[in-house]
Amino acid sequence: MLLHGISKLLTVTALLAIACADSNEKRNEKTGENWPVYGGNNAGNRYSPLTQINKNNVGYLEVAWTYDTGENNNSSERGYEIQCQPIIVDGILYGTTPQLKAFAIKADTGEELWKFDPFEDQEPQYHQNRGVSYWRDGDDERILYTAGSSLFALDAKTGTPVEGFGTGGRVSLYVGLDTNLDHDISGLMAIATTPGAIYKDLLIMGSRVSEFGDALPGHVRAFDVRTGALRWVFHTIPQPGEYGYETWPEDAYKYMGGANNWSGMVLDAQRGTVFLGTGSPATDFYGGGRHGENLFGNCILALDAETGKRKWHFQTIHHDLWDRDIPNPPNLITVNHDGKRIAAVAQATKDGLIYVLDRDTGEPLFPVEERPVPLDGAVPGEAPWPTQPYPLKPEPFARQYFKEEDINDLTPGAYDAVRKRFLETRSGNKYIPPSIEGTLVFHIGGGAEWGGTAADPEGVFYVNSNEMPWDLRMMDLSTSLREREKSLAARGEALYMTNCASCHGADLKGSGTRYPALADIGKRMDRETALQVIESGSGMMPSFKHLPEFRKNAILSYLFHTDEKVDLHNTNEVAAVADSSNFPYVAPWVNNGQIQFRTPDGYPGVKPPWGTLNAVDLNTGEYLWKVPLGEFPELKEQGIPPTGTENHGGPIVTAGGLLFIGATQDELFRAFDKSTGEVLWEYRLPAGGFATPATYEVNGTQYVVIAAGGTKYGLKPGGTYVAFALSDNAPGGR
């Protein structure tokens, strides 16, 4: 009788857990009163059925409330971005601050309810954060989010860590990444910038890892929402016996990293499938140590949400040499195709393409051709893949390669300077291998980027795009690395090239306002302050706390022009060079840095538009409209039509006929007519809105909210969330 009672109790408990999971999934299936998950709903549509704010009254929007995080308020201090799209559940808004504190506020007033500091008892490790996740089982409500190398579970009502989750409410993000490896992974970069997906009692998530030879593997993992225990791992760099292992050199999984999902994922709960995109394998721009197609790098993946087993994959770049990560979560839509309603996956890419795949099979709905691509000019040791996929429809939403007719001709000086460099480089195909001579390329910073895409129920897909060219050149690092004894500063130069030059440039000149110049860093800060920046991160720069002390000091010696002798025999700094299959892998070739190709007066080296907003009917694959996104006031004063700007942050779309987006360098928050692309309303934010907005309803009032964190592009920092609602005299009222 007792056993029967226990069995009955366990059955009831299991049924309650299933009912709770179903309730969570139903809550997250659609928006409306709530904006319950990153991306609006499980499908990542960034769509709301709310209509109170619409095309007829959007001009009456006004600030309803602001929430000051208390950070980024001093422009003399280094700022940290807010990339967070908040979630809203039952009248409570949850988000993160520039310094990665989680908070809860009343969604109709901005009144703070609680705030949690993840670094209260440890050294900070700052990085971008794009949102949090919510889970509920009866009275047990949890916020799950990442800061530094930890996954936290917080009580949603109080903000206190959940004691039964991991250790004191915290789980290490290193868990599950060291399977079958033969080297220590502790201290290496393992963070997560984008929320995962919650399926039943699982949090499925990706990670951000280094893009250099010390990169951890980018495996996808599922954690138990209740306990924090690791439930499954999908190896994005296959191990022996696993599908795709033969697409890498033998035992590559032991020393190669990357192929990680850093951009987020979406969920089809009915199918029990999670969909995600992966980035390129390490190292960026050189693949001499990873000959082959390199599955599952640069793949759209469908995984069984319960087990992590692969259902299907589609690789968008074979053996990536151009840093063309899949930069945003897929978008689950339903389209009319060949007379049928088909559940599809739509994925926008950094190189301006849209793949539309059958959700059950991964087969393209529009033709994709595998074409030969250039192989000549690659640096020694490289083996570019001979073909790449070309989707025939929709047409690309961003330029594919730099043509002479693209040269910026706003001024004669601009044209002459750009043309000179253009004639020195190679062009004609976006798949030209990186070389010593150099190539002017698009897509290192998008095309599409992490802000994501929106889609309405009619199958119309909305994506914002960048049109920035980059000057990519390769540099030989092998000779200097193989010298066994050097000065500390000289060794620091080599370490700078492998860890820092990809952003700040081989010449220390940075890339405009995107990445600051370091050539004169000693005039702006002392060595101790610079060390703090390396360890904690700043602005777009993540923490490099994982670097050993020797390496950090060597980089500082190079930057600050100090000089000491060092015996590298005692630092193990040459071990990786002796055998390329060791960890960390040291590539003999590195790129010259993420150098944006600009005119002498600072504008992109190509003709406008420099940023666009696009609407594509994925039922037909045809564009409905394309408009510039953003403008430069000084060019507008000269009578130059809107040029568009670089843009980071994504759109949302509503049943009220509107598309809302910030993202631009001009710091404006805009509402577009989703049918025509016409700007219907705009508002200058207190700082740039480089995040994706959200919309929701409380007590019959619809709000639109966006984080105004600024900081990017060298703009002023900000630390506020700004919410808008209709004024009392709006047509139709509230």
Test item: side-chain donor near acceptor, Glu467 and His443, under 3.5 Å | no
How long is the span from the CG atom in Leu276 to the CD1 atom in Ile300, to the nearest 0.5 Å?
-> 10.0 Å
Quick one: do the Glu631 and Gln665 side chains pair a donor with an acceptor below 3.5 Å?
-> no
Using only heavy-atom distances, determine whether the side chains of Asn294 and Asp320 contain a donor-acceptor pair under 3.5 Å.
-> no
Quick one: do the Asp325 and Trp262 side chains pair a donor with an acceptor below 3.5 Å?
-> yes
Do Pro469 and Pro604 come within less than 4.5 Å of each other through their side chains, counting heavy atoms only?
-> yes
Would a line drawn from the ring center of Phe314 to the ring center of Tyr355 be shorter than 6.0 Å?
-> yes
Determine whether the aromatic ring centres of Tyr401 and Tyr431 lie less than 6.0 Å apart.
-> no
Separation between CG (Asn298) and CD1 (Ile317), nearest 0.5 Å, reads 6.0 Å
Check whether the side chains of Asn429 and Gln400 place a donor and an acceptor atom closer than 3.5 Å, and report yes or no.
-> no
Proximity of Phe669 and Trp681 rings by center, below 6.0 Å | yes
Would a 4.5 Å heavy-atom cut-off, applied to side chains only, mark Leu629 and Thr645 as touching?
-> no
Say whether Arg208 and Thr193, considering side chains only, have a donor N or O and an acceptor N or O under 3.5 Å apart.
-> no
Ring geometry between Tyr696 and Tyr703 (parallel below 30°, tilted from 30 to 60°, perpendicular above 60°) = parallel
Does the Asn466 side chain pair with the main chain of Asn647, one donor and one acceptor, at a distance under 3.5 Å?
-> yes
Are side-chain heavy atoms of Trp450 and Asn328 found at a separation under 4.5 Å?
-> no
Is the closest basic N to carboxylate O distance between Glu306 and Lys200 below 4.0 Å?
-> yes
Atom pair OH (Tyr38) and SG (Cys84), whose distance is rounded to the nearest 0.5 Å | 9.0 Å
Which is it for Thr654 and Thr51 under the side-chain contact (heavy atoms from CB on, under 4.5 Å) test, yes or no, and what are the steps along the way?
-> CA-CA 7 Å; Thr654 76; Thr51 59; over 6 Å; no
So Trp625 and Phe672, would you call those rings parallel, tilted or perpendicular, with 30° and 60° as cut-offs?
-> parallel
Proximity of Tyr623 and Phe397 rings by center, below 6.0 Å = no
Contacts table for residues 336-346: side-chain donor-acceptor under 3.5 angstrom, sequence neighbours left out:
residue, atom, partner, partner atom, Å
Asn336, OD1, Arg341, NH1, 3.3
His337, NE2, Leu365, O, 2.9

Considering only heavy atoms from C-beta outward, does the side chain of Phe461 approach that of Val653 to under 4.5 Å?
-> no
From Thr701 OG1 over to Gln52 CD, what is the distance, rounded to the nearest 0.5 angstrom?
-> 5.5 Å
Return yes if some donor-acceptor pair links the side-chain N/O of Asn41 with the main-chain N/O of Ala43 below 3.5 Å, else return no.
-> yes
Do Ile198 and Leu144 come close enough that some side-chain heavy atom pair is under 4.5 Å?
-> yes
Kindly indicate whether the side chain of Phe442, heavy atoms from C-beta on, has any atom under 4.5 Å from the side chain of Trp470.
-> no
Kindly indicate whether the side chain of Val58, heavy atoms from C-beta on, has any atom under 4.5 Å from the side chain of Phe660.
-> yes
Using atom types as modelled and distance alone, determine if a side-chain donor or acceptor of Arg359 lies under 3.5 Å from a backbone N or O of Ile333.
-> yes
Matching residue for Arg130 among Thr692, Thr194, Thr96 - test: side-chain hydrogen bond (donor to acceptor under 3.5 Å, both in side chains) = Thr194
Taking only residues two or more places apart in sequence or in another chain, which ones pass ring pair (Phe, Tyr, Trp, His ring centres under 6.0 Å) with His235?
-> His219
Ring center gap for Phe690 and His648 short of 6.0 angstrom = no
State whether a side-chain donor-acceptor pair under 3.5 Å links Thr695 with Gln702.
-> yes
Set of salt bridge (charged side-chain N to carboxylate O under 4.0 Å, His left out) partners for Glu395, sequence neighbours left out = none
Atom OH of Tyr60: over 12 foreign heavy atoms under 6.0 Å | no
Side-chain donor-acceptor pair present, Lys607, Asn408, cut-off under 3.5 Å = no
Got Leu303 and Lys309 here, is their nearest side-chain heavy-atom distance under 4.5 Å?
-> no
Are Lys311 and Thr273 close enough that a side-chain donor and a side-chain acceptor fall under 3.5 Å?
-> yes
Could you list all the salt bridge (Lys or Arg N to Asp or Glu O under 4.0 Å) pairs where at least one residue sits in residues 652-675, not counting sequence neighbours?
-> Lys55-Asp673, Asp456-Lys674, Glu458-Lys674, Asp666-Arg670, Glu667-Lys716, Arg670-Glu682
Would you check, one step at a time, whether the test side-chain contact (heavy atoms from CB on, under 4.5 Å) holds for Leu685 with Ile706?
-> CA-CA 9 Å; Leu685 295 167; Ile706 188 169; 4.0 Å; yes
Gln85 and Arg46 side chains, donor-acceptor separation under 3.5 Å = no
With distance as the sole test, does Asn34 use its side chain to make a donor-acceptor pair with the main-chain N or O of Thr31 at under 3.5 Å?
-> no
Distance only, no hydrogens: is a donor on one side chain within 3.5 Å (strictly under) of an acceptor on the other, for Asn331 and Thr453?
-> yes
Who passes side-chain contact (heavy atoms from CB on, under 4.5 Å) against Thr247, sequence neighbours left out?
-> Glu293, Leu295
Would you say Thr236's side chain and Phe296's backbone share a donor-acceptor pair under 3.5 angstrom?
-> no
Salt bridge (Lys or Arg N to Asp or Glu O under 4.0 Å): which pairs involve residues 346-357, sequence neighbours left out?
-> Asp323-Lys350, Asp351-Lys430
Short side-chain to backbone donor-acceptor contact, Ser280 and Asp284, under 3.5 Å = no
Take Ser133 and Leu203 through the side-chain contact (heavy atoms from CB on, under 4.5 Å) test and state the conclusion after the steps.
-> CA-CA 9 Å; Ser133 300; Leu203 172 64; 4.3 Å; yes
Atom CG of Asn42 and atom CD of Gln270: how far apart are they, to the nearest 0.5 Å?
-> 10.5 Å
For the pair Leu357 and Glu363, evaluate side-chain contact (heavy atoms from CB on, under 4.5 Å) and give the outcome as yes or no after the intermediate values.
-> CA-CA 5 Å; Leu357 310 177; Glu363 290 297 315; over 6 Å; no
Give a yes or no on whether the backbone of Val616 and the side-chain of Glu622 come within a donor-acceptor separation of less than 3.5 Å.
-> no
Between Glu370 and Thr387, is any side-chain donor less than 3.5 angstrom from a side-chain acceptor?
-> yes
With a distance cut-off below 6.0 Å to the six-membered ring centre and an angular limit of 45° from the axis, does Arg221 pair with Trp232 as a cation-pi contact?
-> no
Rounded distance [0.5 Å steps], CZ in Phe234 versus CG in Asn261 = 11.5 Å
